[in-house]
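All values derive from a computational prediction rather than experimental measurement. Just so it is clear: chains get the letters A, B, ... in the order the sequence lines come, proteins before strands, and each one is counted from 1.
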Amino acid sequence: MTNHDKNLNQAFDVENLPKDLFTFEKATDDAEGLTTKPISFWQDSMRRLFKNYVAVVSLLIIVVLFLTAIIAPMLSNYTLTGRVNQDYYKFAQLPPRVPVLEHFGLFDGTLIKEFTQGSLDEVGYASDEYKIVGTFTRNRIEYLKVKEYTYKYLDIEDRYFIFGTDILSRDIWTRVWYGTSISLLIGVYAAIIDVLIGVIYGGIAGYFGGTKIDDVMMRILEVLYGIPSIVILFVLFMFLTPGIVPIAIAIALTGWIGVARMIRAQFLKLRDQEFVLAARTLGASDTRIIMKHLIPNVVAQIIVMASFSIPSAIFYEAFLAFIGIGLDLSKPSLGVLINDAISSTQGAMTYVYQLVLPSLVLSTLMLSINLLGNGLRDALDPRMRNN
Amino acid sequence: MSNVLLKVEHLKQYFKLDRKSKVKAVDDVSFDIYEGETFGLVGESGSGKTTIGRSIIRLYDITGGNVTFEGKQASGKLKKEERASIARNMQMIFQDPMACLNPRMNIRDIVAEGIDIHKLAKTKEERDEMVYAILAKVGLAREHAGRYPHEFSGGQRQRIGIARALITNPKLVICDEPISALDVSIQSQVVNLLKKLQKELGLTYLFIAHDLSMVRYISDRIAVMHKGKIVELADAEELYNNPLHPYTRSLMSAIPTPDPKSEKQRARFAYDPSQHDYTTDEPKMREIRPKHFIYCNEKEFQAYQTEIA
Ligand SMILES: Nc1ncnc2c1ncn2[C@@H]1O[C@H](COP(=O)(O)OP(=O)(O)OP(=O)(O)O)[C@@H](O)[C@H]1O
Ligand SMILES: [Mg+2]
């Protein structure tokens, strides 16, 4: 015995330890893995998702945008199409003005306008209603860059239009959030239709993979895939009246093919897995195999696909609105607003806020849904898992 | 031995590869499996062992031949009740412990699948009790029931697969290389479990493997497969002591022995199918000794007989 051991023994007096301090613990030969709670695939995935802070922040932004899109138009004093005031001319194209922020020079209700010395005099600003911030020469004529305190100038300093007003003196704040909810609706509808058609079509083809049914279905799909989607859309809009659902259908009609292909490939792979064979040897019906064994194993991929479907549908709709197809002015999406802003301001830098604000909301929305989709894919992708 | 449980006659299973070519995965195979025995099926990779198992259990539509189970027709078009009865009485244990369990289901639901399909339990409690009972039989705790496949080791997963197969109280269990994906230390555990269960439940096994060593330990009779055909079939001991077909002999030569002296002398030799000349004289299964069958033509048969005489 070494010195150290001796010391230990003395310190604890191993021989004479009081017996009642100890209780017998039953040793189980199979205690492995039983110490923690059982975790399902979904719990595990969610845990992984919430560790990914980019995804969490994106999710938060989406929730905020979503709630604002619902609540803001409801709380607003203004409506989507109504003018903010009888005085049409006075309230048109007002710059954004936000309480508190205005003191920091942001959204302070000013417009940068360009004048020649002569035209500036003509307007007749009072001295505290404008400020000359610079000069420049264009075509050999001297111009002044003038910061106009619009609200003061128009004598409406008691009013605040958070995002300003447009050329028809409508409240942009109300319209942007209304447009966001329209865009979101179109995105969600399109994703639902995408997934629904894609899963059913791809599922049938995959389950009967290798047979005539599958063959025919895949040929049809290839033909559809070969037609440029814009052509399909043009044809569709000749018959459809513009609206949220028709636009969503039109977009989904070109978007479901990817989902169908993915589901078919997955079904083909899963169909020959031993756990599916085991179910079949147990006498499981086709319906049971599809519902209990195949679908649950592709739900993760469906969610990921849908989460990428939404922003691409939103963007596609905005793009269509921008080039002037499928416009529905009574239910303007963000794309319609952007299109409106461009045509009414004709690209004048003075009123660029009308273009920037809806674009900013659109970009933020799409970016965060895409980032969340990325996070979902990382969290749900079975290839990252050990089984 | 006792009654014939499964009768396989002239079973053929061809797979179309494309319009012209096809694989004869199983080509005219016949054998009987008796009640209560373990019938071993060995052969190299690609010889068609898995295909035989899956054809018998109706995972594939067979190209030709006939399967009879408990004296009743078990292949071809059957009525719904007949199919259900076969599904209950014939079960399969799979090779890959990773792929044989649905990763989205917990163990309770995986094991209870047979109960759910055949409505064997009236209440949820009864279902749970059946699951716990079978889990205990295969050496797992009831606490395991709520867990998911990825939380288990390979050996444990294979036990779960066995529990799932046994829940419907089958008579015949087809074990398709149930141990070849497992760690060597776990292999004997699983084999012993299978033997124990066979004794307790009176099971009949069709045990598929690709090497002879483990099959000898568990099987009563062994069939050796080569390229979709059975080339030799005999009692396990007989096959070991008197292997006749050159393919069987080449398989035997591949088994390592625990004795270093004889191991040193052990010479492995390869099987060369071109040694058979089947152009004029047709080969078939011939009984060379009682219950010892060999695939050969008349001329070879004579040669084998002089060899064992
Ligand atoms: N579904 C199928 N379609 C086409 N060919 C197949 C199919 N299943 C098996 N085959 C072919 O049939 C032959 C026999 O395959 P099988 O899986 O039965 O062999 P095995 O003896 O089980 O081999 P292993 O020891 O590798 O499991 C192989 O050539 C294989 O390529
Ligand atoms: Mg095999």
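The closest side-chain heavy-atom distance from B/I62 to B/K12 is not below 4.5 Å. A/V298 has its side chain within reach of A/L270: a pair of non-hydrogen atoms, C-beta onward, lies under 4.5 Å apart.
Geometrically, B/R157 does not engage B/F152 in a cation-pi contact, judged by NZ or CZ lying under 6.0 Å from the ring centre and within 45° of the ring axis. With a 6.0 Å cutoff to the six-membered ring centre and a 45° limit on the axis angle, A/R261 counts as a cation-pi contact of A/Y225.
Contacts between B/L101 and chain A at a heavy-atom distance below 4.5 Å involve the backbone alone (N, CA, C, O). Looking at B/Q91, only its side chain comes within 4.5 Å of chain A, counting heavy atoms on both sides. Neither the backbone nor the side chain of B/A84 comes within contact range of chain A; no heavy atoms are under 4.5 Å apart. Using a 4.5 Å cut-off between heavy atoms, B/R54 contacts chain A through its side chain alone, with no backbone atom that close. Heavy-atom distances place the backbone of B/M90, and not its side chain, under 4.5 Å from chain A.
With hydrogens and angles disregarded, a donor-acceptor distance shorter than 3.5 Å links the side chain of B/K49 to the backbone of B/G43.
Looking only at heavy-atom pairs under 4.5 Å with chain B, the residue among A/A279, A/A278, A/S285 that has the most is A/A278.
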